[in-house]
S.K.: 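Structure in structure tokens, see below.
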2 protein chains.
Amino acid sequence: MADGRTSGSISGENLLFLTDEQLRQGIEAMFFAYRGFTADPDRILTDMAYGRAHHRAIHFINRAPGTTVNNLLNILGVTKQSLNRVLRTLIADGLVESRVGQTDKRERHLFLTEDGRTLEGRLSDAQRARMRAAFRDAGPDAVAGFRTVLEAMMDTEMQRTYTRLKESGA
Amino acid sequence: MADGRTSGSISGENLLFLTDEQLRQGIEAMFFAYRGFTADPDRILTDMAYGRAHHRAIHFINRAPGTTVNNLLNILGVTKQSLNRVLRTLIADGLVESRVGQTDKRERHLFLTEDGRTLEGRLSDAQRARMRAAFRDAGPDAVAGFRTVLEAMMDTEMQRTYTRLKESGA
DNA sequence: CAGTTTATGTCAGCCTTGTTGACATTCCAA
DNA sequence: TTGGAATGTCAACAAGGCTGACATAAACTG
């Protein structure tokens, strides 16, 4: 199967979109598009002393204010030690506030400060601008397909996290 | 506009797919899906002493055998120093062969060895399997939309590279 | 055709961000 | 009340980005 020309052509249906060549194009599209996806916020971040990891933390703290470190860990899929380094700098720089939980004092609840929200807005605006342009160029049907495929590419665990965030949103 | 509810609702058309909330969901879908996209090859690679950078190099050398280092640099969008570290280990381990150009002796042309092709197959199979499952679940129309949006998300320079590769393919 | 400029690739060293291991604090249940 | 589980922090290391300095080959220029 490694170099078979079509991988799903056993059936009689029109499965030409499942040929290895089509899949490879999808893989490469994913690779190049992700670069574009991160390019604009990355540019903003390197001007300050931050990286993509800081952006991710800021994004999800903004999305779910008061979230715990542990919850953020599950969303981001990194180790707590790795996240901790990022959080430490964000807290030290006054962009994130960490409050000890009142019911469970082991927990730290995370919030963006005013400065944090300002930076979040800058980063979001940049990233959304590109996404908006892409969505508008592609049209609503293409966008629906885009999201369907992306969801199907996630692990079930990620899907659940994604859906939970989605539903908490609007 | 940073926290406006809709960003494109000036027009009378049905532009509800361009609301900030929809864009944010697209952003998060991209984030989670990319994790899934890289998860399977990553697992294979960490067993050996390689990382995602090695995978990318192997992928595109396989895609365009005989490519020069400089060409690969443009495709991957990293610095030559960064790529060089990866190439050096791949060559040392006998997965990639580097031949001095005959017309222009400054150039090095890159090829996968037999072992290199074997690893490439393993990685490709893993990544394609997930992509195939996602494509099949989503169906051909969704896949078309997926690719349309991803292409619209690339910089024009990347789009050109992507298209060139695509057309050289089948 | 000699000297300079350009193209290409390599080496050294730094930074971000991932990893594992060790540990302090807090909570809860036996 | 004490021992284990949960939560978060600190230290040290590895991968893979980056810039800067440099060697060599090719191309250009007077």
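Quick caveat, the model's predicted, so the values are computed rather than measured. To find a chain, count down the sequence lines: A is the first, B the second, and so on, and within it residues start at 1.
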S.K.: A:R88 near the nucleic acid: base, sugar-phosphate alone, or nothing, with a heavy-atom cut-off under 4.0 Å?
M.R.: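 Sugar-phosphate contact only - A:R88 comes under 4.0 Å of backbone atoms but never of a base.
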
S.K.: Determine, for B:R122 against B:D125, whether the closest basic-nitrogen to carboxylate-oxygen distance falls under 4.0 angstrom.
M.R.: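 Between B:D125 and B:R122 there is no salt bridge, as every charged N stays at least 4.0 Å from the carboxylate O atoms.
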
S.K.: With a 4.0 Å cut-off, would you call B:R128 and B:E120 a salt bridge?
M.R.: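 Salt bridge flag = no for B:E120 with B:R128.
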
S.K.: Establish, from distance only, whether the side-chain atoms of B:H109 and B:T67 form a donor-acceptor pair under 3.5 Å.
M.R.: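 Short answer, no.
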
S.K.: Taking only side-chain nitrogens and oxygens of A:N84, does any of them come within less than 4.0 Å of OP1 or OP2 of D:dT9?
M.R.: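 Checking A:N84 against D:dT9: at least one side-chain N or O falls below 4.0 Å of OP1 or OP2.
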
S.K.: Tell me whether A:R99 forms a cation-pi arrangement with A:F111, defined as NZ or CZ under 6.0 Å from the six-membered ring centre and within 45 degrees of its axis.
M.R.: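 Verdict for A:F111: a cation-pi partner in A:R99.
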
S.K.: Minimum heavy-atom separation for B:A126 to B:I44, with atom names?
M.R.: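 Closest approach of B:A126 to B:I44, heavy atoms only: CB-CD1, 3.8 Å.
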
S.K.: Quickly work out the B:R108 CZ to C:dA7 P distance and round it to whole Å.
M.R.: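 Taking CZ of B:R108 and P of C:dA7, I get 17 Å after rounding.
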
S.K.: Please list, by residue number, the residues of residues 75-83 of chain B whose heavy atoms come closer than 4.0 Å to an atom of DNA chain C; answer none if no residue qualifies.
M.R.: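 Nucleic-acid contacts, sorted: B:K80, B:Q81.
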
S.K.: What is the distance, rounded to the nearest whole Å, between atom CG of A:L87 and atom C1' of C:dT17?
M.R.: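 In whole Å, C:dT17 C1' and A:L87 CG are 13 Å from each other.
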
S.K.: Heavy atoms only: give me the nearest B:A57-B:L83 pair and the separation to one decimal.
M.R.: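 In this case the closest contact between B:A57 and B:L83 is CB-CD1, 4.4 Å.
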
S.K.: When the distance from CG of B:L110 to C1' of C:dT8 is rounded to whole Å, what number comes out?
M.R.: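 One finds 13 Å between C1' of C:dT8 and CG of B:L110, rounded.
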
S.K.: Centres of the B:F146 and A:F17 rings: under 6.0 Å?
M.R.: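 Between B:F146 and A:F17, the centre distance exceeds or equals 6.0 Å.
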
S.K.: From CD of A:E107 over to C1' of D:dT9, roughly how many Å is that when rounded to an integer?
M.R.: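 Rounded to whole Å, this separation is 16 Å.
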
S.K.: Within residues 38-56 of chain A, which residues have any heavy atom lying less than 4.0 Å from an atom of DNA chain C?
M.R.: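 Here the set is A:A49, A:G51, A:R52, A:A53, A:H54, A:R56.
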
S.K.: Taking CG from A:N74 and P from D:dG8, how many angstroms apart are they, rounded to a whole number?
M.R.: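 My rounded result for the distance is 10 Å.
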
S.K.: Could you state the CG-C1' distance from B:L90 to D:dA15, rounded to the nearest angstrom?
M.R.: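 One finds 14 Å between C1' of D:dA15 and CG of B:L90, rounded.
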
S.K.: Would you kindly give the CG-to-P distance between A:L73 and C:dG18, to the nearest whole Å?
M.R.: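 So the two atoms are 11 Å apart, to the nearest Å.
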
S.K.: Are A:F37 and B:Y34 an aromatic pair by the rule of ring centers under 6.0 Å?
M.R.: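 Distance test on ring centres: not under 6.0 Å, no.
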
S.K.: For A:Q127 and B:R24, does a side-chain donor sit closer than 3.5 Å to a side-chain acceptor?
M.R.: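 The answer is no; no qualifying pair exists.
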
S.K.: Could you state the atom-to-atom distance from CZ of A:R85 to P of D:dA14 in whole Å?
M.R.: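 So the CZ-P distance, A:R85 to D:dA14, works out to 14 Å.
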
